[in-house]
Asks: 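Shown below is the structure under consideration.
All residue numbers in this chain count up from 1 along the given sequence. Just so you know, ligand 1 is whichever comes first in the structure, and atom 1 is the first atom listed for that ligand. All values below come from the heavy atoms of this structure, side chains included, with hydrogens, waters and symmetry mates left out.
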Amino acid sequence: MPLGVFDSGIGGLTVVRSLRVAFPKRDILYVGDTARVPYGNKSPETVRSYSREIISFLKAQGADRMVVACNTASALAVESLRPGVGVPLHGMIESGVAAALAASAEGPVGVIGTSATIASGAYQQALAKERPGWKVFARATPLLVPLVEEGWLDGEVTEKVVREYLQPLMKEKIRVLVLACTHYPLLKGVLAKVLGPGVKLVDSSEACADSMRASENGIQEKGRLKIFLTDEPGPFLGRVEGFLGKGTVDSVERIQLVSQA
Ligand code: DGL
């Protein structure tokens, strides 16, 4: 049975990379809603309705477990949709928070994500619940997504934007920074450069795969990766395929989702 993974676009392939390391023998079906990306500036109702359509598609394809690789959909939709899905549905928040707690014995902690993820307060609330004493400084950093999609993973402009966004968190002397967006693992180099060695970066894609690995073992031979997109693949797919490793994608297919309203 395949593992279903979805994201608003191509960025969730960063999560697939971690999942393929954790579950090398699992087939993975990935849906990237490239026709409707970004989710990060949309309302909770819209993101929930899009997520419902994708979950229904993945269920029809036989997925027996699903990962919502998109942090925005994890923050806005996972909790409300989980009871009706019928198979385990993993979001990015619980594992990201657990990894932040494991990374440092003390706060303060910073969280960066899309405007919708930060406005939802999902990470802030989950962190406050687990570590009531910790100060959490959350910041929406929406310009980082287009920079990554353009392939501007380092260089003067990207570093300037990152520095501008992180300045207030650095002033608060954060110890840990949670990368609460699919795209941000691709910026780890510049984030580490700007923050310096005293701040630990929590990659929510790795954290999610690690937390799932603990509950699954002994599956078949070599897993395949099939990608389904709701629009034509743009140049960003090629860039992320490079990041995944040559020859890892078995097929890319265009699909039409069905409204579940
Ligand atoms: N995939 C989204 C996330 O992780 C980022 C891109 C978007 O805004 O849709 O929050």
Asks: I'd like to know whether the aromatic ring centres of Tyr30 and Phe228 sit less than 6.0 Å apart in this structure.
Replies: no

Asks: Ion pair present between Glu156 and Lys160, side-chain N to carboxylate O less than 4.0 angstrom?
Replies: no

Asks: Considering heavy atoms of the protein only, find what lies nearest to atom 10 (O) of ligand 1 and give residue, atom and distance to 0.1 Å.
Replies: Thr72 OG1, 2.6 Å

Asks: Just checking Gln167: does its CD atom have more than 12 heavy atoms from other residues, nucleotides or ligands closer to it than 6.0 angstrom?
Replies: yes

Asks: Identify, for atom 8 (O) of ligand 1, the protein heavy atom at the shortest distance, and state residue, atom and that distance.
Replies: Gly40 N, 2.8 Å

Asks: Who's the nearest protein heavy-atom neighbour of atom 1 (N) of ligand 1, and how far?
Replies: Asp7 OD1, 2.7 Å

Asks: Looking only at heavy atoms of Cys181, does any of them come nearer than 4.0 Å to an atom of ligand 1?
Replies: yes

Asks: Give the atoms of ligand 1, by number and element, whose distance to some non-hydrogen atom of Tyr39 is under 4.0 Å.
Replies: 7 (C), 8 (O), 9 (O)

Asks: Can an N or O of Asn71 be found at a distance shorter than 3.5 Å from an N or O of ligand 1?
Replies: yes

Asks: Taking 4.0 angstrom as the limit, do Glu206 and Lys188 come out as a salt bridge?
Replies: yes

Asks: Of all the non-hydrogen atoms in the protein, which one sits nearest to atom 6 (C) of ligand 1, and at what distance?
Replies: Ser8 OG, 3.6 Å

Asks: Report the part of Thr114 (side chain from C-beta onward, or backbone N, CA, C, O) that has a heavy atom under 4.0 Å from ligand 1; answer both or neither where that applies.
Replies: side chain

Asks: Taking Asp250 first and then Lys226, would you say they form a salt bridge - that is, a charged N and a carboxylate O separated by under 4.0 Å?
Replies: no

Asks: Any Lys/Arg nitrogen of Arg26 or Asp64 sitting under 4.0 Å from an Asp/Glu carboxylate oxygen of the other?
Replies: yes

